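Since the structure is predicted, the reported quantities are computational estimates derived from the model, not experimental observations. The sequence lines fix the lettering, A, B, ..., with proteins before strands; numbering per chain opens at 1.
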There are 2 protein chains.
Amino acid sequence: MHKFNGKEYPCCTSLTMGIIGGKWKTVILYHLLDKKLRYNELRKEMPTVTERTLSLQLKMLEADGIIKREVYTSKPPLKVEYSLTDFGKTLIPLIQSIANWGDFVVEKYSKSKID
Amino acid sequence: MHKFNGKEYPCCTSLTMGIIGGKWKTVILYHLLDKKLRYNELRKEMPTVTERTLSLQLKMLEADGIIKREVYTSKPPLKVEYSLTDFGKTLIPLIQSIANWGDFVVEKYSKSKID
DNA sequence: CAGTATCCACATTGATACTG
DNA sequence: CAGTATCAATGTGGATACTG
């Protein structure tokens, strides 16, 4: 049984999935792999996520120390940028592997199926 | 937008997570990496999962073609073994990377924290 | 042994409107 | 611009008892 940020996981794989699992977290991280992005830039990259959900997911990733939130202005309109922390950067190869396997499946299926 | 087994995913990472995401699927796959296991053997490896949930997760993995279910007896007591399909085996490096990153975090934290 | 059936609790995500 | 508030729907997982 492993512990991280107050949560307990029965397996080393559950720990990883507890941090990057869920419907949106890997998508966010995928877009932050090599660049900082603002909140609305992320929204444009992920047209089907709602504001509320994106906001919640960003907070969870921030709470786990995977991404950092930098604020550049004190009054509206605000400028906020999200990027990987050093700890978050240790996930880069994993996120890429996840993306690659997804691509591999898409490839495989686009070849074997018409639809 | 990618499609797999009737589900749509907005990103290649979501596709992967759609297949191996959730609380238990990676744990199941982790235990099936290098061997076949029976239903009750899996339960012993995962003491905190309920019968119903394990059963549902196994069905989903089977439906996605990741694992196969082999039945060896026709009458109770049944003997059923679960193992990776050839398609499922393409996930082996990914599952190992997920486990490794989890281990890395456990290591990191056991060194920096007392509890 | 290997599950299913039933019922339920909680977590996650969404839609929409609104704010500093 | 970068969110939050509110309400609701859906999904995911759990407890327990039962079955072929």
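Helical stems of DNA chain C (runs of at least 3 Watson-Crick or G-U pairs, donor-acceptor distances under 3.5 Å) are listed by first residue: C:1-20 with D:1-20.
Trp101(B) has its ring centre no less than 6.0 Å from the ring centre of Phe4(A).
A donor-acceptor pair under 3.5 Å is formed between the side chain of Asn5(A) and the backbone N or O of Ala63(A). The backbone N or O of Lys79(B) lies less than 3.5 Å from a partner atom in the side chain of Thr73(B), making a donor-acceptor pair. Listed for the Thr85(B) side chain is a donor-acceptor partner under 3.5 Å among the backbone atoms of Gly65(B). Between the Glu41(A) side chain and the Arg38(A) main chain, a donor and an acceptor come within less than 3.5 Å of each other.
Going from atom CG of Leu56(B) over to atom C1' of dC7(C) covers 14 Å, rounded to whole Å. Between the NZ atom of Lys59(A) and the P atom of dG3(D) there is a distance of 8 Å, rounded to whole Å. Straight-line distance from the CG atom of Leu58(A) to the C1' atom of dA2(D): 11 Å, rounded to whole Å. If you measure from atom CG of Leu61(A) to atom P of dT12(C), you get 13 Å, rounded to the nearest angstrom. At whole-Å resolution of the value, NZ in Lys7(B) and C1' in dT13(C) are 17 Å apart. When rounded to the nearest whole Å, the span between CE of Met60(B) and P of dT12(D) equals 7 Å. What separates CE of Met17(B) from P of dG11(D) is a distance of 18 Å, to the nearest Å. Rounded to a whole Å, the CZ atom of Arg52(A) is 10 Å from the C1' atom of dA15(C).
OP1 and OP2 of dT13(C) both lie 4.0 Å or more from every side-chain N or O belonging to Thr50(A). OP1 or OP2 of dT12(D) has not a single side-chain nitrogen or oxygen of Gln57(B) nearer than 4.0 Å. Here Tyr82(B) does not reach the OP1 or OP2 of dC1(C): none of its side-chain N or O atoms lies under 4.0 Å away.
Of all heavy-atom pairs between Gly102(A) and Leu15(B), the closest is O-CD1, 4.3 Å.
Looking at Glu70(B) and Lys36(B), a side-chain N of the basic residue comes within less than 4.0 Å of a carboxylate O on the acidic one, giving a salt bridge. Salt bridge annotation for Arg43(A)-Glu51(A): present, with a cationic side-chain nitrogen under 4.0 angstrom from a carboxylate oxygen.
Residue-to-nucleotide proximity on DNA chain C shows that, of Thr48(A) and Lys79(B), the 5′-proximal contact is made by Lys79(B). Looking at which nucleotide of DNA chain C each of Val49(A) and Leu78(A) is closest to, the 5′-most match is held by Val49(A).
For the contact set between residues 21-28 of chain B and DNA chain D, defined by any heavy atom under 4.0 Å, the members are Gly22(B), Lys23(B), Trp24(B). Using a 4.0 Å cutoff on non-hydrogen atoms, the parts of residues 37-44 of chain A near DNA chain D are Arg38(A), Tyr39(A), Asn40(A), ordered by number.
Comparing dG20(D), dG3(D), dG14(C) against the side chain of Arg69(A) picks out dG3(D) as the nearest. Across dG20(C), dG20(D), dG3(D), the shortest atom-to-atom separation from the side chain of Pro76(A) is found for dG20(C). Taking the side chain of Ser55(B) as heavy atoms from C-beta on, and the options dG20(C), dG3(C), dT13(C), the nearest nucleotide is dG3(C). Listed candidates were dA15(D), dG20(C), dT4(C). Nearest to the side chain of Glu51(B) is dT4(C).
Side-chain contact check for Trp24(A) and Thr53(A): no donor-acceptor pair (N or O, by modelled atom type) lies under 3.5 Å.
Residue contacts for Tyr72(B): at a heavy-atom cut-off of 4.0 Å it reaches no nucleic acid atom on any strand shown. At the heavy-atom level, Glu81(A) lies nowhere under 4.0 Å from the strands shown.
Other residues, nucleotides and ligands contribute at most 12 non-hydrogen atoms within 6.0 Å of the OH atom of Tyr30(B).
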Start with the C-alpha distance between Thr16(B) and Thr13(B), add both sets of side-chain angles, then the distance that settles side-chain hydrogen bond (donor to acceptor under 3.5 Å, both in side chains), and finish with yes or no. CA-CA 5 Å; Thr16(B) 304; Thr13(B) 61; over 6 Å; no

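For the pair Lys108(B) and Phe87(A), the distance from NZ or CZ to the six-membered ring centre is under 6.0 Å and the angle to the ring normal is within 45 degrees. In this structure, Lys35(B) forms no cation-pi arrangement with Tyr82(B), as its terminal cationic atom is not both closer than 6.0 Å to the ring centre and no more than 45° off the ring axis.
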